[in-house]
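Shown next, in structure tokens, is the structure this report addresses.
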Amino acid sequence: MTDSTPVKPTAKKAAKKATATTKKTTATARKVTATTKKATTSKAAPAKAAPSKTAAKKTAAVKKTAVKKTAVKKTAVKKTAVKKAVAAEPGARKTPAAEPSTALVRRARRINRELADVYPYAHPELDFENPFQLVVATVLSAQTTDLRVNQTTPALFAKYPTPEDLAAANPEEVEEILRPTGLFRAKTKSVIGLSKALAEEFGGEVPGRLEDLVRLPGVGRKTAFVVLGNAFGRPGITVDTHFQRLVRRWEWTDETEPDKIEAAVGALFPKSEWTMLSHHVIFHGRRICHARKPACGACPIAPLCPAYGEGETDPEKARKLLKYEKGGYPGQRLNPPQAYLDAGGVPAPPLGAG
């Protein structure tokens with residue numbers, strides 16, 4: 001008879017528990033492995049780095065620039081509004097827009113034509129009988145009026161009629177004659193020096209070339225062009241204080257240096273017109289378009305002038321500002337051209353006359 005021993009239920013439960021525990025251990029191990037992989041992946045691909053200091057500075061600079069641009073735009077808008085408001089006021093002068101070159105040439109030439117009608121007798125306002133007298137008189141005209149020069153030169157040329165005579169003159173005697181013109185010591189040195197240069201280098205004759213004239217003591221481009229244009233008939237632009245003032249007032253140029261003004265204005269006119277253009281402009285500057293009180297109300301070119309209104313616009317008051325023959329007063333020359341006398345001009349009085 002076989003003795004069989006049955007399996008106890010407790011042993012079966014223990015076996016089941018062991019199997020379950022093994023499964024749980026395996027699952028836990030898998031979870032650990034997965035967590036490790038995630039951690040490794042996170043390290044390999046880090047999250048977005050925080051912005052560096054340089055990047056932060058750049059961002060701040062861009063923001064500041066944007067703020068500034070916005071402020072500038074607001075300021076521009078305000079300025080535009082102010083300009084419109086000022087322009088809308090009665091009698092306000094409008095700022096002219098940039099003028100095309102062709103329109104500028106036409107306007108400049110029309111002004112010159114109008115001035116030629118007003119001053120058909122325009123001429124150099126220094127008395128002279130030959131190129132030597134003209135170059136000396138022009139040098140003496142610095143920092144004084146042509147009238148004062150014209151009242152002084154008769155005595156000078158009576159005593160020293162040629163370059164050789166003036167070159168050998170006693171400086172003290174020349175100074176005494178030139179005293180009324182101001183800066184007489186410097187002027188004496190210049191006229192004696194240029195006379196010596198004429199006597200020694202040019203045979204006592206005034207040269208007719210620009211490059212030779214500007215080599216003479218006291219002679220610059222302005223003086224040289226006066227001599228070339230009026231003693232030799234060679235075109236030149238005389239850029240004196242009147243000429244500079246008026247061409248800027250008329251907006252022919254905004255240059256301030258004489259040589260640049262000369263080039264800019266010369267480009268607007270044929271070379272053949274340069275000398276008379278200079279006379280027309282200078283005459284107008286001395287008689288009507290004054291530096292401090294232009295007689296706008298009596299100006300014949302007022303419709304063409306961008307600066308109209310800078311001076312007196314009332315016709316009656318403006319007429320009282322006119323000078324020389326336009327105002328019924330004597331001119332600057334003791335011996336003016338006949339055309340000037342025919343136009344109603346009056347000769348200037350000699351030195352010392354009441």
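Everything numeric here is computed off the predicted structure, so don't read it as measured data.
Annotation: side chain of I261 is not in contact with side chain of E257 (no heavy-atom distance under 4.5 Å). Side chains of N130 and L134 form no contact here, defined as non-hydrogen atoms less than 4.5 Å apart. Contact annotation: the side chain of V174 never approaches that of F184 to less than 4.5 Å [non-hydrogen atoms, C-beta and beyond]. Proximity of F132 to S195: side-chain heavy atoms (C-beta onward) are separated by under 4.5 Å at one or more points.
Panel note: side chain D127, backbone L334; a donor-acceptor pair is recorded below 3.5 Å. K323 contributes no side-chain N or O that, together with a main-chain N or O of G328, makes up a donor-acceptor pair within less than 3.5 Å. Under the 3.5 Å distance criterion, the side-chain polar atoms of R333 are matched with a main-chain donor or acceptor of P124.
For the side-chain contact (heavy atoms from CB on, under 4.5 Å) with L277, the qualifying choice from N112, I111, V247 is N112, the only one to do so.
Scored by the ring-ring contact (aromatic ring centres under 6.0 Å, His included) test, Y119 finds F283, H284 as partners (sequence neighbours excluded).
Minimum heavy-atom separation, Q151 to P350: NE2-O, 3.7 Å. What you find for P300 and V118 is that their closest heavy atoms are CG-CG2, 3.6 Å.
Note on E173 versus K159: salt bridge recorded, some NZ/NE/NH1/NH2 to OD/OE distance being below 4.0 Å.
How far CD of Q133 is from CG of L126: 11.0 Å, rounded to the nearest 0.5 Å.
Residue pairs satisfying the ring pair (Phe, Tyr, Trp, His ring centres under 6.0 Å) criterion with at least one member in residues 318-353, sequence neighbours excluded, are listed as follows: Y121-Y340, H123-Y340. A salt bridge (Lys or Arg N to Asp or Glu O under 4.0 Å) check over residues 134-158, counting only residues at least two apart or in different chains, returns the pairs D146-R286.
A donor-acceptor pair shorter than 3.5 Å cannot be found between the side chains of Q244 and D240.
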